[in-house]
2 protein chains.
Amino acid sequence: MKVTINDIAKAANVAKSTVSKVLNDSPSIPLATKERIRAIMRDMNYIPSSMATGLAKRKCNNVAVMIDLSRRNDFLNQFFYNIIGGIESVVGSKGYDLTICNVPQEDSRDFLHRYALSQKADGLIIDTSILEKTAASDLLEANSPFVVLGAWGEERKFPCVDIDNRLGAVKITEHLLAQGYRRIAFIGGRKKEHLFSQRFAGYSEALRRRGCGVNPLWSFPEGSTEASGYAAVEKMLRLPIVPDAILCMNNYVAYGALRCLRDRGISVPDEVGMVTFDNEPLAPYTSPPLSSLHTDTFGLGAKAAELLMGLIQDEDTAPEEAAKSRQTWIEPHLIVRESSVKPGSAL
Amino acid sequence: MKVTINDIAKAANVAKSTVSKVLNDSPSIPLATKERIRAIMRDMNYIPSSMATGLAKRKCNNVAVMIDLSRRNDFLNQFFYNIIGGIESVVGSKGYDLTICNVPQEDSRDFLHRYALSQKADGLIIDTSILEKTAASDLLEANSPFVVLGAWGEERKFPCVDIDNRLGAVKITEHLLAQGYRRIAFIGGRKKEHLFSQRFAGYSEALRRRGCGVNPLWSFPEGSTEASGYAAVEKMLRLPIVPDAILCMNNYVAYGALRCLRDRGISVPDEVGMVTFDNEPLAPYTSPPLSSLHTDTFGLGAKAAELLMGLIQDEDTAPEEAAKSRQTWIEPHLIVRESSVKPGSAL
DNA sequence: TTGAAAGCGCTACCAG
DNA sequence: CTGGTAGCGCTTTCAA
């Protein structure tokens with residue numbers, strides 16, 4: 001059988017409460033005793049049961065990230081490894097474990113609720129796509145710390161961390177303008193997606209600031225696949241006034257767009273400039289290589305974890321105040337490659 | 001405070017042992033009573049504490065996957081999302097949680113040991129790269145079920161699941177031969193890597209079966225980056241007898257190789273045929289698109305999880321026998337694209 | 001069919 | 001500084 005605290009107590013000839021104090025490095029135990037008991041623990045190969053400790057302390061040193069693993073083509077999925085890595089890096093260093101929960105969006109509310117109440121985790125990191133309005137209130141009420149991955153709807157009453165997509169779109173658009181492109185098209189996405197609105201807002205904002213105006217004919221929110229990228233460019237080329245630059249929602253749209261331009265014999269970046277959101281997985285490997293907007297997804301995860309750890313520790317300190325409106329925006333960075341550098345410009 | 005089993009017992013006017021039986025759907029409780037008590041649980045919003053249950057049952061309904069998250073360019077990383085998804089799909093359906101552990105390879109042995117003994121998980125899925133020889137014995141001795149991701153060294157005394165890399169290489173090589181290519185080079189990898197040996201073995205085997213012989217000048221085990229792919233092809237082109245086909249260790253090597261060939265004006269597949277391991281992330285998007293070997297990584301994860309769940313359940317039943325030598329090989333599939341189809345052949 | 005009591009392994013409080 | 005005792009919330013005999 002497993003060796004328990006009682007075995008150690010017996011072997012050391014002390015009470016188990018003393019052993020417990022050694023375990024928790026209590027200052028009331030003299031160093032000599034500590035070392036003696038620790039030696040015994042080592043000899044006997046003793047590791048405390050996390051469940052017993054957890055039950056007694058009402059704390060499990062575990063954080064859960066709730067996502068929908070079935071959505072195989074999501075933003076999260078693509079960067080999943082990095083986000084998880086980021087979360088783990090901060091959570092792990094504080095001695096917490098990380099559990100991954102696959103939450104089907106149908107009964108997400110119930111799932112989150114049960115999970116929190118069962119005390120399987122001290123805190124939750126929740127992908128925005130599975131967080132219903134009511135679920136968040138449940139959690140708040142149940143007093144379970146959580147932070148949302150991705151800005152949550154309009155009202156951001158809860159701690160969340162997201163990429164600053166608006167700013168990203170501004171950066172891309174300004175770069176294109178600076179390169180001398182003037183008629184910038186926006187392809188990919190869907191009108192109802194938050195991601196789209198945020199990015200489109202940044203694009204519009206940058207254009208307006210330069211007094212360029214936003215031509216409604218130049219946006220093609222018709223999906224984010226390679227095929228839709230190809231189709232969008234086909235349509236674009238039939239326009240009376242043809243854009244001279246393209247901003248793409250992702251690498252696959254961009255790839256499709258590039259392919260269409262190549263098929264038509266239109267050169268990038270000479271005749272048409274191009275920049276895409278996301279630096280993965282294709283941007284560096286297309287011809288020409290695509291300028292892209294890199295986002296630090298590891299940092300995103302890390303930031304989310306930091307917020308959460310803050311909440312967990314402050315739990316008793318400042319319940320409401322702390323939880324409210326702590327949101328963080330991760331700033332994306334432009335990586336300039338051939339696809340958006342006009343001949344003659346310095347890269 | 002949280003509502004506990006005692007609260008329910010009180011509210012229902014029964015002993016807590018009765019409530020416990022309801023919780024576990026014991027047959028000794030009449031249906032009427034069960035329903036009455038369940039209704040009360042629902043009303044009072046009762047969810048049992050997983051730690052208390054776990055402590056009492058000595059079982060936590062949790063499985064951990066141990067990998068080295070710091071190796072950002074690993075085979076695992078690339079397919080991480082799929083593997084995790086696969087594991088979750090089987091483990092989740094059985095009511096188990098999945099925790100991800102970042103195990104630094106230095107003290108991996110100690111980490112695994114502590115983790116198992118602390119009873120944070122009922123079973124472990126361990127990436128082969130962090131499993132030292134001694135660690136495995138520790139686990140066996142501690143009686144903790146585990147399965148290894150990736151074949152473990154020479155001796156496979158432990159349950160493990162891996163891609164059948166040898167078979168994959170055979171498939172690629174045979175395809176190339178069938179297309180009429182006769183001088184097949186092998187680029188990427190490192191001689192000491194298992195991955196390399198397995199694949200090289202398959203390549204050699206297929207060649208020998210056709211009586212082709214393996215030309216030692218035609219393998220370039222000099223790393224798996226884009227740059228090494230480029231360099232390998234440069235070297236290859238200077239050979240007295242130049243190969244007419246290339247088998248690449250991964251997409252990046254292949255990309256580098258492709259780039260070099262393009263720079264030299266050598267056409268693929270006309271003058272040189274090419275196939276790469278892995279169908280992600282670039283293979284479908286290069287020019288020409290690369291024939292590749294697709295591996296079902298979701299299935300890999302699922303299979304590993306199935307093995308593990310088997311071990312967990314058999315724990316009391318057949319301890320040694322069951323654990324030994326249960327290994328599974330996932331068969332990879334060839335996806336034929338332009339890069340390996342000789343003009344004139346039917347695709 | 002139900003319940004009282006004795007744990008599961010650890011912490012926490014309070015004497016001494 | 002140390003030890004006894006009473007939990008943490010649930011399960012599991014064993015009688016009744």
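In what follows, chains carry the letters A, B, and so on, assigned in the order in which the sequence lines appear, proteins first and then strands, with residues in each chain numbered from 1.
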- Task: Would you classify A/S17 as touching base, sugar-phosphate or nothing, given that sugar-phosphate means primed atoms plus P, OP1 and OP2, and contacts are heavy atoms under 4.0 Å?
- Result: base

- Verify the neighbour count for atom CD of B/E106: are there more than 12 heavy atoms of other residues, nucleotides or ligands below 6.0 Å? yes

- Comparing nearest nucleotides in DNA chain C, the 5'-proximal residue of the pair B/A52, B/A15 is B/A15

- Query: Among A/I312, A/L311, A/L307, which one satisfies side chain to side chain contact (heavy atoms under 4.5 Å, CB included) with A/M309?
  - Reply: A/I312

- In whole Å, what is the span from the CZ atom of B/R58 to the P atom of D/dT12? 8 Å

- Query: Closer than 4.0 Å, any side-chain N/O of B/T53 to the OP1 or OP2 of D/dC10?
  - Reply: no

- Query: Taking only side-chain nitrogens and oxygens of B/N6, does any of them come within less than 4.0 Å of OP1 or OP2 of D/dC10?
  - Reply: no

- Task: Return yes if a side-chain donor-acceptor contact under 3.5 Å exists between B/S26 and B/N24, otherwise no.
- Result: no

- Contact class for A/T4 (heavy atom, under 4.0 Å): base, sugar-phosphate, or nothing? sugar-phosphate

- Query: Has B/T18 got a side-chain N or O lying under 4.0 Å from the OP1 or OP2 atom of C/dG3?
  - Reply: yes

- Item | d(CE, B/M41; P, D/dG9) in whole Å | 15 Å

- Item | Whether A/F158 and A/F146 hold their rings parallel, tilted or perpendicular, with breakpoints at 30° and 60° | tilted

- Task: Determine the contact category for B/S49: base if any of its heavy atoms lies under 4.0 Å from a base atom, sugar-phosphate if only primed atoms, P, OP1 or OP2 are that close, otherwise nothing.
- Result: sugar-phosphate

- Message: With a 3.5 Å cut-off and heavy atoms only, can you find an N or O donor on one side and an acceptor on the other between the side chain of A/K16 and the base of D/dG4?
- Response: no

- Task: Calculate the interatomic distance between B/K10 atom NZ and C/dT2 atom P; express it in whole Å.
- Result: 20 Å

- Task: Looking at every strand, decide which applies to A/V14 at a 4.0 Å heavy-atom threshold: base, sugar-phosphate, or nothing.
- Result: sugar-phosphate

